[in-house]
Amino acid sequence: MITKTISSALSGALEDLGVTVLPAQINLEQPANKEHGDWSSNIALVTAKNAGWNPRELAAKIVETINSNLPSGIENVTVAGPGFINFALSPQWLHQVLLAVLEQGTKEFGRTNIGKGKKVNVEFVSANPTGPLHAGHARGACYGDSIANILTAVGFEAQREFYVNDRGLQMGLFAESLLARKSGNQIPENGYAGAYIEEWSEEMPDDLSLEETLDWGCSYAQGDQRETLEMIGIVFDAWFSERSMVDSGAIERTMNDLMKNDASYLKDGATWLNSSEYGDDKDRVLVKSDGEFTYLTPDVAYHRDKFSRSEWLINVWGADHHGYIARMKAAMEALGHDAGQLTIAITQLVKLVRGGEEVRLSKRHGDIIELREIVEEIGPDATRFSYLLQSVDTKQTFDLDLAASQVMDNPVFYVQMAHARLRSIQAKAESLGVWPAMPLDADLSLLTHERELELLRDLYNFTDLVQLAARELAPHKIAVWLRELATSVHGFYHDCYVVGDDISQQLTSARLQLVEAARIGLVSGLDLLGVSAPDSM
RNA sequence: GCCCCCGUAGCUCAGCUGGAUAGAGCAACGGACUUCUAAUCCGUAGGUCGCAGGUUCGACUCCUGCCGGGGGCGCCA
């Protein structure tokens, strides 16, 4: 690609000047300000000191050298500011980008193989099967699903997994709450009092034992959660049952192996994990003095199971679990796993606002906003896009009134509208018989309008962007890029007519190529977020 | 007290491994529809990037210390 040409021109010039640089030091970037050219290098600023030059002088020498033998595709090279070297290219390189996008199509565009097929397990949501999913779960759900998409796009083999805590204290309280509600008794202390408990208990068969209630409630809740997730297009490859590890003996084996590795000990009638040996603040209880496991113990066994199936584990946890990271990594190391292959992605809390007031999230009380309600209110696409629009590192304010009533404020419509507009251009071209019978010899050099070039620059950036989003597990970067691409599309749509009497046939066919390329861009980006690209709005 | 996240325009947020004059949407103001969807486009206005030091040719970005907001520090899950 063109960046290689520029890099080698730079390193050649530096060599001629007797300045030695490593290829890795040559760093090219696309300046934010278009007046600074298409590509820019700071190499003179970086190397000047060691070479004993003034940065601007060095840059001038480099430019002189490159200009004496200007590579094709580069229109001019200049020195600017404190010593930047700016390259202006002929639009031809962007036309190459267009051809590449068309050739790749929606199935290939933006995809690479840096993951080399490495297996990654993405565990997310993992809500207790004691109630419906709420607005807070949704952030982790959209995020986890999207990073699995992105990791797949860069060549990993991603598996989506949901860990079901179908045993333990909370399950017991849930079952007791259902039974109490069913028989009209008082909900037990610390039990579940949400309105859904009443609705669910009415669905429940009569005269169930506590154990049967637990089974029934668990599968009912799981079914409800599964259904809600499917409403926003999230389908898990595996639902891993905590209880199954009791039956299989996995938990006992894990306890034994921890003991064998001197990672656990008895104290005060409880069994402890020696986690402080592995960087945790303190040791943690694995088996309580009453003989029950803590939450940690089955989870350790579970992670171990995941490691037997995948090389890299990603857990998406809420901010309230961050204190749990150190002990889990400690346990993995104690069991001989590489804690570096366990990545914990923390999503900050979602603050729900309705009517200007904060809505508290608590499953134990009645006032939860269910994910199902949100999806029914604003639709799956707006739900997913809204949750993915900002970094999970920041706490999110989700304004339900805004999302429901002022749809125009919602960027998802802006992006989807861009796609619908491109489709309508194609539909018109189709009705005139000039599409999709596209002439492959369209003269792309006709694409010189700034709107057209802007579109191509956006498309050029996509592949690197997907890799960055994968590296940082940051789907919001895709969402931000989509808004930029949509802005370019709307600008192009406005200023560059594609099909019409006063547009030459040559220009029409060149622009039709661009329309399809931009469309491929929108579809590819939206796909990674799990948002649809409708033909009309 | 310790740990994690955040602090950027009136509001909601971007800002890539440090780069040139800090960006976008909404809200405000002013323009653009005989045309492929005006659910759009163009322009104006709006900033001490929480504060103070440090590193650097260069800091919103990295380091340290404060201040402010949120979350977590159980033999709960």
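Residue numbers start from 1 in every chain, and the chains themselves are labelled A, B, ... in the order their sequence lines are given, proteins ahead of strands.
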Quiz item: Below 4.0 angstrom, N of the basic side chain to O of the carboxylate: do Arg451(A) and Glu454(A) qualify?
Solution: no

Quiz item: Any side-chain N or O of Arg451(A) under 4.0 Å from OP1/OP2 of C42(B)?
Solution: yes

Quiz item: How is His36(A) classified with respect to the nucleic acid when contacts are heavy atoms under 4.0 Å: base, sugar-phosphate, or nothing?
Solution: base

Exercise. Describe the nucleic acid contact of Val499(A) in one word from base, sugar-phosphate, nothing, applying a heavy-atom distance below 4.0 Å.
Key: base

Exercise. Compare the minimum distances between each of A39(B), C36(B), G25(B) and the side chain of Met537(A), then state the nucleotide with the smallest one.
Key: A39(B)

Quiz item: What's the closest nucleotide to the Thr394(A) side chain, out of G19(B), C6(B), A39(B)?
Solution: C6(B)

Practice problem: Could you please name the option among C16(B), C41(B), A20(B) that lies closest to any side-chain atom of Lys477(A)? | Solution: C16(B)

Quiz prompt | Face-to-face contact His321(A) to G72(B) six-ring, under 5.5 Å, under 30° | solution = no

Practice problem: Would you kindly check whether a donor in the side chain of Asn42(A) faces an acceptor in the base of G19(B), or vice versa, at under 3.5 angstrom? | Solution: yes

Quiz item: If the C1' atom of U40(B) is compared with that of C33(B), how far apart are they to the nearest Å?
Solution: 10 Å

Quiz item: For Trp272(A) and G74(B), what is the distance between atoms CH2 and P respectively, to the nearest whole Å?
Solution: 10 Å

Quiz prompt | Spacing between Ile43(A) atom CD1 and G19(B) atom C1', to the nearest angstrom | solution = 14 Å

Quiz item: Think Lys288(A) has a side-chain N or O under 4.0 angstrom from the OP1 or OP2 of C76(B)?
Solution: yes

Exercise. Could you check whether the rings of Trp317(A) and His321(A) sit parallel, tilted or perpendicular, using 30° and 60° as the cut-offs?
Key: tilted

Practice problem: Side chain of Asn27(A) only, please: which of U17(B), A14(B), A39(B) is the nearest? | Solution: U17(B)

Exercise. Identify whether any heavy atom of Ala326(A) sits under 4.0 Å from a base atom; if not, whether one sits that close to sugar-phosphate; answer base, sugar-phosphate or nothing.
Key: nothing

Quiz item: Hey, does Glu472(A) reach any base, or is it just sugar-phosphate, or nothing, if we go heavy atoms under 4.0 Å?
Solution: sugar-phosphate

Quiz item: Thinking salt bridges, do Glu450(A) and Arg457(A) make one under a 4.0 Å N-O criterion?
Solution: yes

Practice problem: Ignoring the backbone of Asn86(A), work out which of A20(B), C13(B), G70(B) is nearest its side chain. | Solution: A20(B)

Exercise. Using the C1' atoms only, state how far C76(B) lies from C63(B), rounded to an integer number of Å.
Key: 38 Å

Quiz item: Using a cut-off of 4.0 Å on non-hydrogen atoms, how would the nucleic acid contact of Arg284(A) be classed: base, sugar-phosphate, or nothing?
Solution: nothing

Self-check item: No-H, no-angle donor-acceptor pair, His322(A) side chain to G71(B) base, under 3.5 Å
Solution: yes

Quiz item: Rounding to a whole Å, what distance do you find between Met171(A):CE and C76(B):P?
Solution: 19 Å

Practice problem: Take atom CG of Leu349(A) and atom P of G70(B), then tell me their distance rounded to the nearest Å. | Solution: 11 Å

Practice problem: Answer yes or no for this row: Tyr414(A) ring on A39(B) base, centroids under 5.5 Å, planes under 30°. | Solution: no

Quiz item: Which nucleotide in the set A32(B), G19(B), C75(B) lies at the smallest distance from any side-chain heavy atom of His494(A)?
Solution: A32(B)

Quiz item: Got a donor-acceptor pair under 3.5 Å from the side chain of Thr294(A) to the base of C75(B)?
Solution: no

Quiz item: Does Ser431(A) make a side-chain N or O approach to OP1 or OP2 of C36(B) shorter than 4.0 Å?
Solution: no

Quiz item: With respect to the phosphate group of C13(B), does any side-chain polar atom (N or O) of Gln390(A) fall under 4.0 Å of OP1 or OP2?
Solution: yes

Quiz item: Can C33(B) be described as syn, meaning its chi torsion is within 90° of 0, or is it anti?
Solution: syn

Quiz item: Cut-off 3.5 Å, side chains only: do Asp381(A) and Gln416(A) have a donor facing an acceptor?
Solution: yes

Exercise. With heavy atoms under 4.0 Å as the rule, sort Lys282(A) into base, sugar-phosphate or nothing.
Key: sugar-phosphate

Quiz item: Nearest of C36(B), G71(B), A77(B) to any side-chain atom of Ala319(A)?
Solution: G71(B)

Practice problem: May I ask you to say what Ala420(A) touches in the nucleic acid, namely base, sugar-phosphate or nothing, with a heavy-atom cut-off under 4.0 Å? | Solution: base

Quiz prompt | Electrostatic pair Lys477(A)-Glu472(A), nearest N-O below 4.0 angstrom | solution = yes

Quiz prompt | Distance, rounded to the nearest Å, where Leu45(A) contributes CG and C57(B) contributes P | solution = 11 Å

Quiz item: Taking atom P in both G30(B) and G69(B), what distance in whole Å separates the two?
Solution: 40 Å

Practice problem: Find the distance Tyr192(A):OH to A77(B):C1' and express it as a whole number of Å. | Solution: 8 Å

Quiz item: Using a cut-off of less than 4.0 Å, is there contact between a side-chain N or O of Tyr324(A) and OP1 or OP2 of C76(B)?
Solution: no

Quiz prompt | Side-chain N,O (Arg471(A)) to OP1/OP2 (C16(B)) below 4.0 Å | solution = no

Exercise. Verify whether the ring centers belonging to Phe492(A) and His449(A) lie closer than 6.0 Å.
Key: no

Quiz prompt | Length of the line joining Phe398(A):CZ and C13(B):C1', which is rounded to integer Å | solution = 14 Å

Quiz item: When all nucleic acid strands are considered with a 4.0 Å heavy-atom cut-off, which category describes Asp268(A): base, sugar-phosphate, or nothing?
Solution: base

Practice problem: Please determine, for the side chain of Met417(A), which listed nucleotide (A38(B), C76(B), A39(B)) has the closest atom? | Solution: A39(B)

Self-check item: Residue pair Tyr265(A) / Asp283(A), side-chain donor-acceptor N/O under 3.5 Å
Solution: yes

